[in-house]
Enquirer: 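Please see the structure below; I have some questions.
Order of the sequence lines fixes the chain letters, A, B, ..., with proteins taken first and strands second; residue numbering starts at 1 for each chain. The structure presented is a predicted model; accordingly, all values stated were derived computationally and were not measured. Keep in mind that the numbers below use all heavy atoms, side chains included, and drop hydrogens, waters and symmetry copies.
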Amino acid sequence: MTINALPKTYDPREVEPRWYAAWLKAGYFHANVDPARTPYVIMLPLPNITGVLHIGSVSTFTPQDVLIRWRRMQGYNALWQPGTDHAGIATQNVVEREIAREGQTLQQVGREKFLERVWQWKEYSGGTIDRQLKRMGYSCDWDRYVFTLDPEYYDAVLEAFIRLFGEGLIYRGKRMVNWCPRDQSAISDLEVEYEDIDSSLWYVRYSGAHGGPGVVIATQRPETILADVAVAVHPDDERYRALVGSEVIVPLVNRRVPVIADRRVDPSFGTGALKITPGHDLLDNEIGSDHNLPVLVVLDERGAMTADTGEFAGLDRFDARERVASSIAALGLIEKVEPYRTSVGTCDRCHAIIEPYISDQWFCDMTGMAARAAEAIRSGRVRFHHERWARVVLQFLDNIRPWTISRQLWWGHRIPVWQCSSCGERVAAKTAPAQCPVCGGTVLEQDPDVLDTWFSSGIWPFATLGWPRETPDLRYFYPGNVLATDKGILFLWVARMIMLGLHFMDDVPFTDVYVTPTVLNLEGGRMSRSLGTGLDPLEMIEDRGYGADALRFALISRCSQSQQEFRFAEKMIADVRNFNTKIWNATRFVLLNLEGFDADGPPPTATALSLADRWIRSRFARVSEAVTASLGGFELDKAARALYDFIWNEYCDWYLEMAKVDLQGTGNREQGTANRERGTGNREQGTAVDQRRTTNDERRSAVQRTLWYVLSNTMKLLHPIMPFLTEEVWQQLPHDGDSIMVAAWPTPHLEWIDTQAEADIEVVMDAVRRVRGQRVDLGISPTQILRIHLRQTGGGIPNLREIVKYTARLSRSEALEEVPVAGPVGRRYVEEPAAGFSLLTEIEDKLVPSARERLSRELQEIGPELGRLERRLADQEFMTRAPADVVQRERARLVELQARQRRLQELLAALEVPSP
RNA sequence: GGGCGAGUAGCUUAGCGGUAGAGCGCCUCGCUUACACCGAGGAGGUCCCAGGUUCGAAUCCUGGCUCGCCCACCA
């Protein structure tokens, strides 16, 4: 092969866009119907067109790309469906603000012109999020890109509405809904976010209509007093029993209202008397309706006092609150005012305080669909990861309420209902009916409202595939496999997709819901762009130069399912950047040593493989199995950690170093000690007995093949998490095929697992660490070659030669002949034990004191552990109740430590003797 | 008011019934021909608290404490 010298440094900013373009060009992201292959489908949680890529979205999207890329390599026909959401309120707000800056109002601009403006805005800035998704390396099928207001998708939304309307599940009604006075639209229950605020509780006296003290009520909302129609008390409340049935006077308006009894009143709150305002409070509305009380309204759609409120007319609700309170105070009817902390509902889009408001809206009855969805979850047809989320969603489904689906906006799917201006009949149809089916009238007006954005995204899993048409795509790709998302939209989106999927497709839209943890900053707070506590993905990738791979890996390695959130900071991305550099340099090393290597040559014979080769192959077999299993179990963080440890600690720190030893031993010119040992083999080559001896070339080639194979296949395992670096590395190495993206996922070679080699290398690592530690303790320069002797302490160790060879090289020492018991006379030694043998380092006289120190310290450290073991093994309870293998292990450990203790004492004693 | 999750080394965390692990940070060495975005060695932990179960608990149970999130029509 040709050896390409790699650049010394890896620059993701150059590499990443280059490979993304190549993949796009090759069409690897695109999935076509192919009955011969099994589909694997993930729906990208559609970002808003108003959006820019946020760390939160990156943390839920990246796991999806990992899964998609992994399955694609496994041979699945992988489809990751992308698209964007028109985001009704959010988008309308953006353009509305723009228009306001120009000094115009919505009404002045008009519906048609306004929508034109929004489309213009969308064309101008809507592509940002897509470019950013591409920069992250996401392998979405861009050819299938869908926008929720695309004509076909629009049609599907209308179809869904019309069918539900036809089934009687969508209906219109005048109800109390959550009203956002700023957006001037209804919103659903799920779009209300509760916030704690500091408020006051006013105690107001309502005098008796026929004299008498009347009753004192407590309220947070004095401005609604003007709409009061009753005062309610609990029927069992002794304090008010006499008052029930009498009338009291509402202050300011001097309206006589009844005192009623109702069980829903909490006698322990405030004074136990509740003012009833059916026009402005949900509970009051229910109580009022049960008691046949009238509904009075004093606040309009903007949250301002209505025209008939006299001196208060036109005041904003919060100003009115103060003004009404002071007017009542002037009458001497305020008993007291208490500070009060309470929670208020706010709009999840604009955070204005929600007003309970009675208006005409469209609702969707979800009870039947929710029951089906709950059944699908309970029966395991939809599984949640972590499973605890299933309970959370079930609780929502089991307590489902009607869904307010109409919005008083212009930007969105206009409700396909037409009302006859003569008879008032409402007809659902995609286009204006020619005449009214009831009265034949020809003037029909379309409903002015649009649908909740979440209504359109609820049909995403099948509407993107061509529904309502019976397309091949729909038949082949539905149902999908995984839906990955943050817990924040479990109800708003996930539950609704399950409900609507079952309803329209008679099947669940996906089988697995993967709930990713939320990213927090180091203080444990939300990452928020506006608060400046966020982390901008693009800034990390480009400006800071870490690259998308580093960001991806950093997020994946922390997205453990055991937690609902995790803390994240730039430093963590920098650490992964270092990991990338490590891989890059390892690749450079491998390439430098691949000269003369033929990737198409025959696999190495068992005897050609060195101990280190067998070890790393064994470790690779384990890691590939572990990574595959982790990905299958949605434990992506475990896969990332396993690869990090394997690459850095095992492949780089140990295997590459040992490969240097093996390569040197097989070099053409020089032959190291290891080779001299083998030299006897060469001499015997001529004899018939030794046909299985391998040549230097064979052994060299085996090392090269191992270096190449393990690196190349580790890159495949890592590719789903870090697509760019792995592609770049893979392309530099000898390879089959055009891209690692479409390379076959490594099947674990379980037959490579070699417990003997693993045990042997453990011995090497332990011995090397001991000698290195000794060097530091004794103050011996790292460059000085130590002379160590070998003392066998156990039975014959099969691979002793190789073990010692690696140990000597990695600890920068020279392994000399075996010594009996305590070594030659006249020399001083520090001894480090290994399994079955020990290493004696020759030291000069001046090092004796520090040698004694090291040995005594170890002797001391052994003490407590020895005591613990002795006590334990003397404990009758432990000996009789603990399982045999535990007892066995403890006993072996005791024997080992006792031997070491004796030996340390001997060595210390020997060091007492002055040298001759 | 319910429910869920978390509290392990300075920081971020793994482990979740048998001798407390990692990365970063810190200290001491070191440019040994892949890598100083590195290598070697090291210090650093009443595993939130109190009970209990067990031969044995960071790990299981009970009760606290502290944080975070979700749900809920207490004016």
Side-chain angles (χ1 to χ4, degrees), chain A residues 6 8-10 176 194 201 217-221 224 232 264-266 268-277 281-287 340 342-343 345 356 386 388-389 391-392 395-396 399 487-488 490-491 517-518 520 522 524-526 546 557-558 560 562-569 571-572 574-593 637-638 641 644-645 648-649 652-653 656-657 660 768-769 772-777 779 781-783 785 809-812 865 868-869 872 875-883 885-887 889-890 893:
Chain A
L6 291 185
K8 272 205 94 161
T9 55
Y10 175 75
M176 182 162 273
Y194 287 89
L201 200 54
I217 57 92
T219 182
Q220 294 181 70
R221 303 203 60 188
T224 65
R264 284 163 285 193
V265 178
D266 175 4
S268 66
F269 187 91
T271 62
L274 170 66
K275 77 187 196 66
I276 299 298
T277 321
D281 183 275
L282 190 57
L283 177 64
D284 290 7
N285 191 266
E286 286 173 15
I287 293 176
Y340 184 61
T342 186
S343 84
H386 187 284
R388 81 178 90 92
W389 297 109
R391 290 200 304 275
V392 174
Q395 202 183 346
F396 166 70
N399 295 289
K487 60 188 183 293
L490 241 24
F491 306 154
T518 309
L520 302 177
L522 287 185
R526 274 234 162 84
Y546 299 128
S557 64
R558 266 153 244 272
S560 155
S562 63
Q563 306 195 131
Q564 296 183 354
E565 65 264 313
F566 65 98
R567 299 182 181 202
F568 195 65
K571 187 75 184 70
M572 298 166 187
D575 292 345
V576 181
R577 185 266 322 268
N578 296 353
F579 178 50
N580 286 356
T581 308
K582 188 75 182 176
I583 293 173
W584 186 248
N585 284 309
T587 306
R588 290 177 56 222
F589 172 81
V590 170
L591 284 173
L592 289 172
N593 286 283
D637 57 315
K638 279 191 183 166
R641 262 199 308 279
Y644 186 95
D645 291 343
W648 202 314
N649 302 134
C652 292
D653 284 353
L656 291 188
E657 295 306 318
K660 287 176 188 172
V768 167
R769 278 191 274 256
R772 283 170 179 168
Q774 187 184 74
R775 194 188 278 274
V776 169
D777 281 354
S781 150
T783 50
I785 304 292
R809 258 298 293 275
L810 301 198
S811 62
R812 286 186 72 72
E865 176 69 358
R868 192 190 65 82
L869 288 164
R872 215 156 182 210
D875 183 351
Q876 270 313 310
E877 295 277 10
F878 172 73
M879 295 302 282
T880 52
R881 292 179 190 268
D885 63 310
V886 174
V887 175
R889 210 179 318 142
E890 297 285 69
R893 177 95 181 114

Enquirer: At less than 3.5 Å, do the side-chain atoms of A:Arg388 and the base atoms of B:C4 form a donor-acceptor pair?
Expert: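 In this structure, the two groups form no donor-acceptor pair.
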Enquirer: Report the distance from atom CZ of A:Arg221 to atom C1' of B:A75, rounded to the nearest whole Å.
Expert: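 Checked: the CZ to C1' distance equals 11 Å.
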Enquirer: Using a strict cut-off of less than 4.0 Å between a Lys/Arg side-chain nitrogen and an Asp/Glu carboxylate oxygen, indicate whether A:Arg868 and A:Glu890 qualify as a salt bridge.
Expert: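 Salt bridge: yes.
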Enquirer: Could you work out the separation of B:U12 and B:C55 based on their P atoms and round it to a whole Å?
Expert: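 After rounding to an integer number of Å, I get 38 Å for this pair.
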Enquirer: Base, sugar-phosphate alone, or nothing: which one does A:Arg769 contact when heavy atoms must sit under 4.0 Å apart?
Expert: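 Result for A:Arg769 = sugar-phosphate.
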Enquirer: Using a heavy-atom cut-off of 4.0 Å across all strands, would you classify A:Arg567 as base, sugar-phosphate, or nothing?
Expert: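 Counting heavy atoms under 4.0 Å across all strands, the contact made by A:Arg567 is with sugar-phosphate only.
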Enquirer: Once you apply the 3.5 Å cut-off to both distances, tell me the Watson-Crick or G-U wobble partner of B:U12, or none.
Expert: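 In the structure as shown, B:U12 has B:A22 as its Watson-Crick or wobble partner.
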Enquirer: Would you please test A:Phe878 and A:Val887 for side-chain contact (heavy atoms from CB on, under 4.5 Å) and show each step?
Expert: CA-CA 8 Å; A:Phe878 172 73; A:Val887 175; 4.1 Å; yes
Enquirer: For the side chain of A:Leu274, starting at C-beta, report the closest nucleotide among B:A34, B:A75, B:G18.
Expert: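 Closest nucleotide among those given: B:A75.
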Enquirer: Scan A:Val590 against the nucleic acid and name what it touches under 4.0 Å (heavy atoms): base, sugar-phosphate only, or nothing.
Expert: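 Answer is nothing: A:Val590 stays at 4.0 Å or more from every strand.
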Enquirer: What interatomic distance, in whole Å, is found between C1' of B:C26 and the corresponding atom of B:A43?
Expert: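 One C1' to the other, the span is 8 Å.
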Enquirer: Please lay out, stage by stage, how A:Arg872 and A:Asp875 fare under the test side-chain contact (heavy atoms from CB on, under 4.5 Å).
Expert: CA-CA 5 Å; A:Arg872 215 156 182 210; A:Asp875 183 351; 5.5 Å; no
Enquirer: Rounded to the Å, how far apart are A:Leu656 CG and B:U32 P?
Expert: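 Those two atoms, CG and P, are 17 Å apart.
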Enquirer: Quickly work out the A:Lys571 NZ to B:G10 P distance and round it to whole Å.
Expert: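 Spelled out: NZ on A:Lys571 to P on B:G10 is 18 Å.
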Enquirer: Given side-chain contact (heavy atoms from CB on, under 4.5 Å), test A:Arg558 with A:Arg567 step by step and report yes or no.
Expert: CA-CA 9 Å; A:Arg558 266 153 244 272; A:Arg567 299 182 181 202; over 6 Å; no
Enquirer: Base, sugar-phosphate alone, or nothing: which one does A:Glu565 contact when heavy atoms must sit under 4.0 Å apart?
Expert: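 It contacts sugar-phosphate atoms only.
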Enquirer: Just to be sure I understand the rule, does A:Pro356 reach a base, reach only the sugar-phosphate, or reach nothing, if contact means heavy atoms closer than 4.0 Å?
Expert: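 No contact.
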Enquirer: Which whole-number value in Å describes the distance from A:Asp875 CG to B:U54 C1'?
Expert: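 Spelled out: CG on A:Asp875 to C1' on B:U54 is 12 Å.
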Enquirer: Starting from P on B:A72, measure out to CZ on A:Arg264 and report it in whole angstrom.
Expert: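 Checked: the CZ to P distance equals 19 Å.
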Enquirer: Could you measure between the two C1' atoms, the one in B:C11 and the one in B:G7, and give it in whole Å?
Expert: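 Looking at atom C1' only, B:C11 and B:G7 are 15 Å apart.
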Enquirer: Take a 6.0 Å sphere around CD of A:Glu865 and say whether it holds more than 12 heavy atoms from other residues, nucleotides or ligands.
Expert: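 Yes, because the 6.0 Å sphere around CD of A:Glu865 holds more than 12 heavy atoms from other groups.
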Enquirer: Calculate the interatomic distance between A:Asn578 atom CG and B:C24 atom C1'; express it in whole Å.
Expert: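 Atom CG in A:Asn578 sits about 10 Å away from atom C1' in B:C24.
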Enquirer: Does A:Ser560 reach a base, just sugar-phosphate, or nothing at all? Heavy atoms under 4.0 Å.
Expert: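 Since only primed, P, OP1 and OP2 atoms lie under 4.0 Å of A:Ser560, the category is sugar-phosphate.
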Enquirer: Can you tell me, in whole Å, how much space there is between the P of B:A14 and that of B:A6?
Expert: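 It works out to 10 Å between them.
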Enquirer: Determine the interatomic distance between C1' on B:C48 and the same-named atom on B:C65; round to the nearest Å.
Expert: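 Nearest-Å result for B:C48 against B:C65 at atom C1': 8 Å.
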Enquirer: Nearest to the side chain of A:Arg772, which nucleotide is it out of B:G5, B:A40, B:C74?
Expert: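 When the side chain of A:Arg772 is considered, B:A40 is the closest of B:G5, B:A40, B:C74.
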Enquirer: In whole Å, measure the gap between the P atoms of B:C27 and B:U32 for me.
Expert: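 One P to the other, the span is 22 Å.
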Enquirer: Remember a base hit wins even if backbone is also touched, and classify A:Glu657 as base, sugar-phosphate or nothing at under 4.0 Å, heavy atoms.
Expert: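 If one applies the 4.0 Å heavy-atom cut-off, A:Glu657 turns out to touch a base.
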Enquirer: Of the candidate nucleotides B:C73, B:A14, B:A34, which contains the atom at the shortest distance from the side chain of A:Leu283?
Expert: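 So the nucleotide nearest the side chain must be B:C73.
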Enquirer: Identify, between A:Ala574 and A:His386, the residue whose nearest nucleotide on RNA chain B lies closer to the 5' end.
Expert: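 By nearest-heavy-atom nucleotide position, the 5'-most residue is A:His386.
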Enquirer: Out of B:A75, B:C35, B:G68, which nucleotide sits closest to the side chain of A:Phe269?
Expert: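 That would be B:A75.
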Enquirer: Can you tell me the Watson-Crick or wobble partner of B:U46, both distances under 3.5 angstrom?
Expert: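 Because no pair has both required distances under 3.5 Å, B:U46 counts as unpaired.
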Enquirer: Considering only B:C29, B:C37, B:C11, which nucleotide approaches the side chain of A:Leu522 most closely?
Expert: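 Of the options given, the side chain of A:Leu522 lies nearest B:C11.
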Enquirer: To the nearest Å, how far apart are A:Tyr10 OH and B:A34 P?
Expert: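 One finds 22 Å between P of B:A34 and OH of A:Tyr10, rounded.
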Enquirer: Can you tell me, in whole Å, how much space there is between the P of B:C60 and that of B:G17?
Expert: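 These two P atoms come out 7 Å apart once rounded.
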Enquirer: Can you figure out which of B:U32, B:C55, B:C37 approaches the side chain of A:Arg812 most closely?
Expert: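 Nearest nucleotide to the side chain: B:U32.
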Enquirer: Of the nucleotides B:A34, B:C73, B:C29, which has the atom closest to the A:Leu282 side chain?
Expert: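 Nearest nucleotide to the side chain: B:C73.
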Enquirer: Go ahead and name the base partner of B:G68; Watson-Crick or wobble counts if both distances stay under 3.5 Å, otherwise write none.
Expert: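 B:C4 - that is the nucleotide pairing with B:G68, both distances being under 3.5 Å.
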Enquirer: Students often get this wrong, so: under 4.0 angstrom with heavy atoms, is A:Lys8 touching a base, only sugar-phosphate, or nothing?
Expert: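 Sugar-phosphate contact only.
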Enquirer: The side chain of A:Arg881 lies closest to which of these nucleotides: B:C55, B:C37, B:C35?
Expert: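 Given the options B:C55, B:C37, B:C35, the side chain of A:Arg881 is closest to B:C55.
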Enquirer: Regarding B:C35, can its base be found pairing with the side chain of A:Lys582 as donor and acceptor, where the two atoms are less than 3.5 Å apart?
Expert: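 In this structure, the two groups form a donor-acceptor pair.
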Enquirer: Check whether any side-chain nitrogen or oxygen of A:Lys487 sits under 4.0 Å from OP1 or OP2 of B:C4, and answer yes or no.
Expert: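 No, A:Lys487 has no side-chain N/O under 4.0 Å of OP1/OP2 on B:C4.
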Enquirer: Of the nucleotides B:A14, B:G56, B:A34, which one has an atom closest to the side chain of A:Arg872?
Expert: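 So the nucleotide nearest the side chain must be B:G56.
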Enquirer: Mind checking if A:Asp266 touches a base, just sugar-phosphate, or nothing, with heavy atoms under 4.0 Å?
Expert: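 Counting heavy atoms under 4.0 Å across all strands, the contact made by A:Asp266 includes a base.
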Enquirer: Within the side chain of A:Asn585, is there an N or O that forms a donor-acceptor pair under 3.5 Å with the backbone of A:Thr581?
Expert: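 Pair found, side chain donor or acceptor close to backbone of A:Thr581.
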Enquirer: In terms of relative ring orientation, are A:Phe568 and A:Phe566 parallel, tilted or perpendicular, with 30° and 60° separating the classes?
Expert: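 The arrangement is perpendicular - the two ring planes meet at more than 60°.
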Enquirer: According to the interplanar angle, ranging from 0 to 90°, do the rings of A:Tyr340 and A:Phe269 count as parallel (below 30°), tilted (30 to 60°) or perpendicular (above 60°)?
Expert: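 Perpendicular, since the angle between the ring planes exceeds 60°.
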Enquirer: As a test of reading the structure: which of B:A40, B:A34, B:C55 is closest to the side chain of A:Asp653, going by heavy atoms?
Expert: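 Minimum distance to the A:Asp653 side chain belongs to B:A40.
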Enquirer: In whole Å, what separates the P atom of B:G44 from that of B:U28?
Expert: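 So the two P atoms sit 16 Å from each other.
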Enquirer: So what does A:Tyr340 touch, heavy atoms closer than 4.0 Å: a base, only the sugar-phosphate, or nothing?
Expert: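 Sugar-phosphate contact only.
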Enquirer: For a quick check of understanding: with a heavy-atom distance under 4.0 Å over all strands, which category does A:Met572 fall into, base, sugar-phosphate or nothing?
Expert: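 Touches sugar-phosphate only.
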Enquirer: Would you please test A:Ser560 and A:Asp637 for side-chain contact (heavy atoms from CB on, under 4.5 Å) and show each step?
Expert: CA-CA 6 Å; A:Ser560 155; A:Asp637 57 315; 3.2 Å; yes
Enquirer: Just checking A:Thr342: base, sugar-phosphate only, or nothing, at a heavy-atom cut-off of under 4.0 Å?
Expert: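 The residue A:Thr342 makes sugar-phosphate contact but no base contact.
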Enquirer: Quick one: on RNA chain B, does A:Thr9 or A:Leu520 contact a more 5' nucleotide (nearest heavy atom)?
Expert: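 The residue closer to the strand's 5' end, by nearest nucleotide, is A:Thr9.
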Enquirer: For B:G39 and A:Trp648 - does any side-chain N or O of the residue sit under 4.0 Å from the phosphate oxygens OP1/OP2?
Expert: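 So the side-chain polar atoms of A:Trp648 do come within 4.0 Å of the phosphate oxygens OP1 or OP2 of B:G39, strictly under.
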Enquirer: Quick one: label A:Gln564 by what it contacts on the DNA or RNA (base, sugar-phosphate, nothing), any heavy atom closer than 4.0 Å.
Expert: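 Touches a base.
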Enquirer: Which part of the nucleic acid, if any, lies within contact of A:Phe568, taking any heavy atom under 4.0 Å across all strands shown: a base, the sugar-phosphate backbone alone, or nothing?
Expert: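 The answer is nothing, as A:Phe568 stays clear of every strand by at least 4.0 Å.
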Enquirer: Does A:Gln395 make a side-chain donor-acceptor contact with the base of B:A72, cut-off 3.5 Å?
Expert: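 No, no donor-acceptor pair under 3.5 Å.
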Enquirer: Classify the ring geometry between A:Tyr10 and A:Trp584 as parallel (under 30°), tilted (30 to 60°) or perpendicular (over 60°).
Expert: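 A:Tyr10 and A:Trp584: tilted rings.
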